[in-house]
Amino acid sequence: MTHLKKIAAAAAGLGLLAFAADDVDAAAGRLLTVLVSSGLAWGLAAYLAATLIQVVLPLAVLARLAHVQRLWRSWPLLLIATIATATVSALLWQVLRDAANRFG
């Protein structure tokens with residue numbers, strides 16, 4: 001699924017939830033309105049996009065380098081190194097977020 005299709009699917013999902021919030025009564029309707037109308041939905045979408053970028057971008061760079069530099073024989077080692085550095089990077093970003101939340 002392309003990036004544009006994913007965004008369209010997310011937008012359609014938010015639209016359906018917004019439509020359902022108008023028809024649902026009582027607390028459930030208010031809850032749906034808060035989830036769809038507030039920044040929570042957009043914050044969740046931004047978090048998912050950032051997480052996707054943290055995973056996909058290193059692999060895309062690795063594939064591009066392997067193709068341009070003809071490094072296909074060393075592909076398994078490069079993949080292991082990319083996974084390790086992406087994992088360490090994600091953990092360090094999480095530590096930074098936790099420190100900012102705790103001390104900020």
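Between the side chain of Ser89 and the backbone N or O of Thr85 there is no donor-acceptor pair closer than 3.5 Å.
Summarising the hydrophobic clusters (Ile, Leu, Val, Met, Phe, Trp, Tyr; side-chain heavy atoms under 4.5 Å, direct or chained), the residues clustered with Ile80 are none. With a 4.5 Å cut-off between side-chain heavy atoms of Ile, Leu, Val, Met, Phe, Trp and Tyr, the cluster of Leu96 takes in Trp93.
Atom-to-atom distance recorded for Arg70:CZ and Leu65:CG is 13.5 Å, nearest 0.5 angstrom. Within the model, atoms CD of Gln69 and CG of Leu78 stand 10.5 Å from one another, a figure rounded to the nearest 0.5 Å.
Side-chain atoms of Thr87 and Leu91, non-hydrogen and from C-beta on, do get closer than 4.5 Å to each other.
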